[in-house]
Amino acid sequence: MMSWIKTWMIVVGLILSQGWAIALETQNPPACKDTKGKVLPINAEQVIDWKHNTPNKFEARAHLKGIVSKLYPDKNGHRHFEITIVSQNQEDTIEIIYNEDFGKMPEVELDMKVETCGDYITAKETNGPYPPSPDGAIVHWVHENPSGKGHQDGYVMLNGVLYGFGSGKPR
């Protein structure tokens, strides 16, 4: 009888330890802040409105959750991918641009869950050297800003793992 209890306790311990390991992979992201430093909640509805009702080069802050729905070719050390975002009765897409100078990330794959915070730009037409986005809008600066000037920190979480804070490893 005693050996059965010991075995059961070991099995329960293993199950619990596996559960803790799984829970640790999902992280809480840092606060997403607007241009004035206030915490910005998920604003998908506002972003969809900006995409359709603002002129080219309009800029604001975006905090989104979505699913990777398309992969674009990487360009000059930047990852480009599309996420589908949903807000109330609306669904739309937006291009995310991640600068790998702020840390490597794994290969982005279709259907990955994404949470991101960064600078939104309406990108329907060419803007200086930048071509229009295939999605008509982008979110970039989705990483830390070590200088602390010009942009608030942003981030990308892929399947619950945070990227964009120097090492590209979970924070």
Side-chain angles (χ1 to χ4, degrees), residues 21-35 37-54 58-124 127 130-146 150-171:
I22 291 166
L24 291 175
E25 288 184 18
T26 300
Q27 301 172 313
N28 290 323
C32 181
K33 295 185 179 175
D34 67 15
T35 57
K38 293 183 180 177
V39 174
L40 180 66
I42 299 292
N43 64 342
E45 188 172 329
Q46 180 68 68
V47 169
I48 292 169
D49 182 63
W50 290 333
K51 179 178 170 180
H52 296 285
N53 298 306
T54 59
F58 172 83
E59 296 183 24
R61 290 286 288 173
H63 185 193
L64 302 169
K65 286 186 178 184
I67 301 291
V68 175
S69 49
K70 190 178 276 186
L71 304 174
Y72 297 123
D74 295 348
K75 297 177 192 168
N76 303 321
H78 290 73
R79 296 280 184 97
H80 294 252
F81 56 95
E82 171 190 275
I83 65 171
T84 298
I85 55 177
V86 178
S87 175
Q88 294 184 345
N89 298 327
Q90 301 178 72
E91 181 177 300
D92 213 322
T93 60
I94 192 161
E95 182 180 3
I96 308 300
I97 302 174
Y98 175 80
N99 183 342
E100 287 195 299
D101 285 347
F102 293 90
K104 297 289 183 197
M105 66 169 37
E107 287 300 316
V108 178
E109 298 176 2
L110 295 177
D111 299 322
M112 286 180 127
K113 293 178 186 174
V114 177
E115 180 173 342
T116 190
C117 172
D119 290 354
Y120 167 90
I121 300 177
T122 303
K124 299 172 190 169
N127 180 5
Y130 304 108
S133 168
D135 293 293
I138 67 167
V139 176
H140 73 136
W141 276 89
V142 293
H143 48 72
E144 71 181 332
N145 180 3
H151 299 270
Q152 291 284 350
D153 286 338
Y155 62 85
V156 170
M157 288 185 76
L158 298 172
N159 289 340
V161 179
L162 181 64
Y163 296 93
F165 285 82
S167 67
K169 295 179 183 172
R171 188 172 179 201

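Values in this document were obtained by computation on a predicted structure and should not be read as measured data.
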Looking only at heavy atoms, which two atoms of I94 and A137 are closest? And how far apart?
-> CG1-O, 3.5 Å

Where the side chain of S87 meets the backbone of E45, is there a donor-acceptor pair that is under 3.5 Å apart?
-> yes

Given T54 and Y120, is the side-chain contact (heavy atoms from CB on, under 4.5 Å) satisfied, shown in steps?
-> CA-CA 11 Å; T54 59; Y120 167 90; 4.3 Å; yes

Closest heavy-atom pair and its distance - D34, L40 = N-CB, 4.1 Å

Under 3.5 Å: donor-acceptor pair, side chain of E95, backbone of I138 = no

Which distance, rounded to the nearest 0.5 Å, do you find between the CG of N53 and the CD of Q46?
-> 9.5 Å

Under 3.5 Å: donor-acceptor pair, side chain of D153, backbone of N145 = yes

List in chain and number order the residues that pass ring-ring contact (aromatic ring centres under 6.0 Å, His included) with Y130, two or more places apart in sequence or in another chain; answer none if no residue qualifies.
-> none

In a check of side-chain contact (heavy atoms from CB on, under 4.5 Å) between M105 and each of L158, V161, L162, which one passes?
-> L158

Sidechain-backbone polar pair: K113 side chain, M157 backbone, donor-acceptor under 3.5 Å | no

Atom CD1 of I96 and atom NE2 of H140: how far apart are they, to the nearest 0.5 Å?
-> 11.0 Å

If you take all heavy atoms of T84 and S69, which pair is closest and at what distance?
-> OG1-OG, 2.9 Å

Report yes if the side chains of H52 and D92 come closer than 4.5 Å at any heavy-atom pair, otherwise no.
-> yes

What is the ring orientation for F102 with H143, classed by angle as parallel under 30°, tilted 30 to 60°, or perpendicular over 60°?
-> parallel

Closest approach of A62 and V47, non-hydrogen atoms and distance?
-> CB-CG2, 3.7 Å

Where K104 and Y163 come nearest, the two heavy atoms and their spacing = O-CD2, 3.5 Å

Any chance you could measure Q90, atom CD, to I85, atom CD1, to the nearest 0.5 Å?
-> 9.0 Å

Inter-residue atom distance T93.OG1 - E82.CD, 0.5 Å rounding = 4.0 Å

Heavy-atom donor-acceptor pair, D119 side chain to R61 backbone, under 3.5 Å | no

Going from CZ on F81 to CG on D74, what distance comes out if it is rounded to the nearest 0.5 angstrom?
-> 10.0 Å

Quick one: does Y98's side chain have a donor or acceptor within less than 3.5 Å of a partner on G103's backbone?
-> yes

Going through the checks in order, is the side-chain contact (heavy atoms from CB on, under 4.5 Å) test met by K70 and D135?
-> CA-CA 10 Å; K70 190 178 276 186; D135 293 293; over 6 Å; no

Please round to the nearest 0.5 Å and tell me the distance separating atom NZ of K33 and atom NZ of K38.
-> 12.5 Å

Are the side chain of S133 and the backbone of K124 linked by a donor-acceptor contact shorter than 3.5 Å?
-> no

I121 and E59: which non-hydrogen atoms are nearest, and at how many Å?
-> CG1-CG, 3.8 Å

Any side-chain donor-acceptor pair under 3.5 Å between H63 and E115?
-> yes

W50 and N43: CA distance, side-chain angles, deciding distance, side-chain contact (heavy atoms from CB on, under 4.5 Å) verdict = CA-CA 11 Å; W50 290 333; N43 64 342; 3.8 Å; yes

